[in-house]
Amino acid sequence: MLIPVTEPLDLTSTLLSGQAFRWRQDGPWFHCIIFGGIVKLREVTGGVELRCAPQAEGSMVPLLRDYLGLGTDLEQVYETLLDDERLREAIHSYPGMRILRQDPWECLVSFICSSASNIPRITRNIEAMCTTFGRPVELDGLTRHTFPTPHDLAEAGSEALRGLGLGYRAEYVATASETIASGKVDLMPLREDSYEVALGTLTSLAGVGDKVANCVLLFSLDKPEAFPVDVWIERALQDWYLDGTKMSRKNMRRWASNHFGTYAGYANHYLFHDRRLKGRKASA
DNA sequence: CCACGGCCTGATTC
DNA sequence: AGAATCAGGCCGT
């Protein structure tokens, strides 16, 4: 089924820029588990072709439009960022790269797992949790596993998670899972809360500091002003904006939110993507 | 509020 | 070859 898309959308950059960890590319197709179903997407003239199971394709279309962030007016976002020379260049390099609107739970666990790790390992860890504690779903002879629920991971416990290679992050995931499963913290309503309130709630969870919280806020909780500062962003800000001025990461986040404004998160992701593709040494 | 060391682990570098 | 270092940080002191 065709999802008609008239808005700018670069599917490859959007799905593979490091904001989500479960998309796989297979020729022209991308596949993943979304909303509990297996989904295949590919870019075609006029939009995006969709296949999915077990849901009907028709019912998945509005969910995917939402997930892909097509509700956001990118032109308006760009308008606020194009004055900046570095951003202008990055935006021209990857026009149509969007911020996804992911499931907050999966996003939370994924970024807890990301701390002091690397993309291949994070991806392995997440996939291991899914194959071990998730449910298999099949489409066109392809099997993927659903992301485990808070209850699943709380029940699994930290030892089992360590067995999957999470290292010290296993304790964080187990504890955070218990907190969510118990109902002490409810993630979805944070979409309606202010940035500051949601940030405070998230950082009360095990293994969630300022950086991880800002990732969850930006990629799943409707906070486009969120600005996660990781090593890549730290270097980018140092090199291009701060001219060597010493600043803590939390202060960098505050500086950037103030400097880039309402859509600081988009600025963040374009800088991040650009920096990462160019590699560490290439850009001075 | 900031600075610092410790923490799993696997790949890369020296 | 074996030891540091780094990788999309967080926590406690």
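So you know, we letter chains A, B, ... as the sequences are listed, proteins then strands, and number each from 1.
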Would you list the atom pairs, donor with acceptor, under 3.5 Å between side chains in residues 221-231 of chain A and any protein atom, with sequence neighbours excluded?
residue	atom	partner	partner atom	Å
D222(A)	OD1	R101(A)	NE	2.6
D222(A)	OD2	R101(A)	NE	3.4
D222(A)	OD2	R101(A)	NH2	2.7
K223(A)	NZ	L190(A)	O	3.0
K223(A)	NZ	R191(A)	O	3.2
K223(A)	NZ	D193(A)	O	3.1
K223(A)	NZ	L221(A)	O	2.8
D230(A)	OD1	W232(A)	N	2.8
D230(A)	OD1	I233(A)	N	2.9

Less than 3.5 Å apart, which donor and acceptor atoms pair up between the side chains of residues 178-188 of chain A and the rest of the protein, not counting sequence neighbours?
residue	atom	partner	partner atom	Å
T179(A)	OG1	T175(A)	O	3.1
S182(A)	OG	E178(A)	O	3.3
S182(A)	OG	T179(A)	O	2.9
S182(A)	OG	K184(A)	N	3.2

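- Side-chain contact between M129(A) and L164(A) is present, with at least one heavy-atom pair separated by less than 4.5 Å.
- One can place CZ of F227(A) at 17 Å from C1' of dG9(C), the figure rounded to the nearest angstrom.
- When the nearest nucleotides of DNA chain C are assigned to Q19(A) and L205(A) by heavy-atom distance, the more 5′-ward of the two goes with Q19(A).
- In this structure, V44(A) shares a hydrophobic cluster with L2(A), the cluster being traced through Ile, Leu, Val, Met, Phe, Trp and Tyr side chains under 4.5 angstrom apart.
- Across dC10(C) and dA11(B), the matching C1' atoms stand 22 Å from one another, rounded to whole Å.
- Separating the CG atom of D230(A) from the P atom of dC10(C) is a distance of 10 Å, rounded to the nearest angstrom.
- Residues satisfying the ring-ring contact (aromatic ring centres under 6.0 Å, His included) test with F133(A), not counting sequence neighbours, are none.
- As rounded to the nearest Å, dA1(C) and dT9(B) have P atoms that lie 25 Å from one another.
- Nucleotides dG5(B) and dT5(C) are separated by 13 Å at their P atoms, to the nearest Å.
- Residue I112(A) is out of contact with every strand shown, counting any heavy-atom pair closer than 4.0 Å.
- Every residue two or more places apart in sequence or in another chain that forms a side-chain hydrogen bond (donor to acceptor under 3.5 Å, both in side chains) with Y195(A) is listed here: N214(A), R253(A).
- When DNA chain B is scanned 5' to 3' for any atom under 4.0 Å from a heavy atom of chain A, the first and last hits are dC2(B) to dG10(B).
- A gap of 24 Å separates the P atoms of dG8(C) and dC2(B), to the nearest Å.
- Nucleotides dG10(B) and dC11(C) have their P atoms positioned 23 Å apart, rounded to a whole Å.
- For H259(A), the ring-ring contact (aromatic ring centres under 6.0 Å, His included) partners at least two apart in sequence or on another chain are Y241(A), W255(A).
- A heavy atom closer than 4.0 Å to some atom of DNA chain B occurs in Y168(A), R169(A), these being the qualifying members of residues 168-183 of chain A.
- In this pair, H269(A) and F272(A) present their aromatic rings parallel. The plane angle is below 30°, not in the 30 to 60° band.
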**Check against side-chain hydrogen bond (donor to acceptor under 3.5 Å, both in side chains), R144(A) and H31(A)** = CA-CA 9 Å; R144(A) 297 291 305 267; H31(A) 58 87; 3.0 Å; yes
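- In this view, S13(A) and D10(A) satisfy the side-chain hydrogen bond (donor to acceptor under 3.5 Å, both in side chains) rule, not counting sequence neighbours.
- When heavy atoms are screened at a 4.0 angstrom cut-off, N251(A) is found touching the sugar-phosphate backbone but no base atom.
- Sequence order on DNA chain C of the closest nucleotides to F21(A) and G207(A) puts F21(A) first from the 5' end.
- Pairs engaging residues 106-132 of chain A under the ring pair (Phe, Tyr, Trp, His ring centres under 6.0 Å) rule: F21(A)-F111(A), F111(A)-F219(A) [sequence neighbours left out].
- Going from atom CD1 of I119(A) over to atom P of dC6(C) covers 19 Å, rounded to whole Å.
- In this structure, the side-chain hydrogen bond (donor to acceptor under 3.5 Å, both in side chains) partners of W23(A), at least two apart in sequence or on a different chain, are Y67(A).
- For DNA chain C, the stems formed by at least three consecutive Watson-Crick or G-U pairs, with both atom-pair distances below 3.5 Å, span B:3-7 with C:9-13, B:9-14 with C:2-7.
- Distance CZ (F219(A)) to P (dG8(C)): 14 Å, rounded to an integer number of Å.
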